[in-house]
Amino acid sequence: MTITIQFPDTLKWGAATASYQIEGAAHKDGRTPSIWDTFAHAPGNVKNGDHGDEACDSYHRYKEDVQHLKDLGVDLYRFSISWSRVIPQGTGDLNPKGVAYYSNLIDELLENGIEPMITLYHWDLPQVLQENGGWESRATTDAFHDYAVAMFNEFGDRVKKWITINEPWCASFLSNYLGIHAPGKTDLQAGVDVAHHLLLAHGKAVQSFRELVPDGEIGYAPNVGWLQPYTPSEADKKACERSMMWQKEWFMDPVFKGSYPEELVHLFEEHQAVLKLEEGDLDVISQPIDFMGLNYYTGSLGRYKEDGGLFQVEEIPLDERRTDIGWPIYADGFYRVLTNIHETYGDVPIYITENGACYNHEVENGTVNDQERIDYLKQHLTSLQRAIQAGVPIKGYIVWSLLDNFEWAEGYEKRFGIIHVNFRTFERTRKDSYYWYKQTVTNKWFER
Ligand code: JJW
């Protein structure tokens, strides 16, 4: 039996990328290195020694990429700005050539009927700012504010949808405590400091956005997973909640409630990491925002385990199914996290700013048969539709990613695109999932 999954007419559809993952042209037209250039070029940090020097060469091929978006029929293109391309010294003068690249991209999108959605910070902090402490330094929140203001002034007339910070958990804890992403530190205190400063930077940018782009919408894009208790026991339930608090409440309570979750503040203190709050910080962070972006990829069952790390939890995948990056597939967790966030934070509009799957299919006879990606998207879009029916105010769905690209510490080996990229020739080939997504975006329904 086939079922039809139908979406509201008003739901916006999109595709996403990020600057360091696609642009290349790392040394061109005045761009300076970001922490990801430094990190990727240091041996041992990225698989196969890959780096973003050329990436997908979208800096030179953006017109072709916009044609792929146009043919795809999406409403939105979510991309990010490379801070060190537009302000090479991190603070101060704008680089006219860097600004021109994004201005031309925006014009190209608008001429083709695609609405731009800009992410200001997608992990590529200018290296010059890292030399002065990076996000561990409060001063970086002011540098970010000035950068954001400059971008609102340059592009706010043409771009109405803005995201301040992408995946603050990754940019703080994964990067400064787990050491997996740039700058590669393993210090819990650094993670806590960076997380707080990212949120503070977000709030400062939102404050100025209200004056500079009064008819625009702004939000941020935390990443979440879902842990479903392995048994109904109180111990398993608490372990899951504690663990999810790290990505969810830690990054959402300050924004929507003006407070940090006490339980986690204490847990960090037990591990000698202190939350350094200054007077007024939480007022700045809890500025009203227009939407929340959510990035969802994976989830598991969670079971209490005494020696299970910081949160005393053991993650047990629901079944054997994993994507090619090793992440368990848990579409039901997508529904659960959406309804949970709606219950916890109320009617804040939500854009799914990233969802997608890693499968490393190659081109055969000019086509890419990535049925597994289509299946993943079908499962997750079914969960999304259930969440919409349950009353979660979901405004849009943006697939990660338009293109295969530089997947951070995994390098080019891990492919998330609905378009295949040959990283020697930069040739683009539309995958089967591209055509499936095009049909779904056009119809606003699919059958499974
Ligand atoms: C690694 C957790 C072991 C990106 C990771 C956790 C394991 C101690 C995909 N989202 O490319 C990577 N992505 O740029 C943003 N999201 O390690 C966009 N999260 O710890 C995509 C999470 C991620 C990760 C990767």
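All ligand and atom numbering here is 1-based and tracks the order in the structure. Since the model is a prediction, treat every value here as computed from it, not as a measurement. The basis for the numbers below is simple: all heavy atoms, side chains too, and nothing from hydrogens, waters or symmetry mates.
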Side chain or backbone of [X] under 4.0 Å from ligand 1, or both, or neither, by non-hydrogen atoms?
{"X": "Cys170", "answer": "side chain"}
{"X": "Asn223", "answer": "neither"}
{"X": "Ile180", "answer": "side chain"}

Quick one: look up the protein heavy atom nearest [atom] and list residue, atom name and how far away it is.
{"atom": "atom 11 (O) of ligand 1", "value": "Glu407 OE1, 2.7 Å"}
{"atom": "atom 15 (C) of ligand 1", "value": "Glu354 OE1, 3.0 Å"}
{"atom": "atom 16 (N) of ligand 1", "value": "Glu167 OE1, 3.2 Å"}

Under 3.5 Å: N/O of Trp123 near N/O of ligand 1: no

Those atoms of ligand 1 less than 4.0 Å from some heavy atom in Trp400: 11 (O), 14 (O), 18 (C), 21 (C)

Under 4.0 Å to a heavy atom of Gln21 - the qualifying atoms of ligand 1, by number: 11 (O), 14 (O), 18 (C)

Residue pairs passing the ring pair (Phe, Tyr, Trp, His ring centres under 6.0 Å) test where at least one lies in residues 313-333, sequence neighbours excluded: Tyr297-Trp327, Trp327-Phe416

Identity of the nearest option to atom 24 (C) of ligand 1, non-hydrogen atoms only, from Trp327, Phe406, Trp408: Trp327

Heavy-atom neighbours of Lys12 NZ exceed 12 at 6.0 Å: no

Residue pair His196 / Tyr260, side-chain donor-acceptor N/O under 3.5 Å: yes

Option among Asp71, Asp404, Asp65 that satisfies the salt bridge (Lys or Arg N to Asp or Glu O under 4.0 Å) test with Arg428: Asp65

Would [X] count as a contact residue for ligand 1, given that I'm defining contact as a non-hydrogen atom of the residue lying under 4.0 Å from a ligand atom?
{"X": "Leu174", "result": "yes"}
{"X": "Asn166", "result": "yes"}
{"X": "Glu410", "result": "no"}

Could you list the donor-acceptor pairs under 3.5 angstrom formed between side-chain atoms of residues 218-227 and any protein atom two or more places apart in sequence or on another chain?
from, atom 1, to, atom 2, distance (Å)
Tyr220, OH, Phe251, O, 2.6
Trp226, NE1, Gln228, OE1, 2.8

Side-chain heavy atoms of Asn355 within contact of Tyr397, under 4.5 Å: yes

Minimum side-chain heavy-atom gap Tyr147-Leu120 below 4.5 Å: yes

Lys/Arg cation over aromatic Tyr59: Arg85, 6.0 Å, 45° cone: yes

Test log, rule salt bridge (charged side-chain N to carboxylate O under 4.0 Å, His left out), inputs Lys414 and Asp324: CA-CA 7 Å; Lys414 300 288 185 246; Asp324 284 349; over 6 Å; no

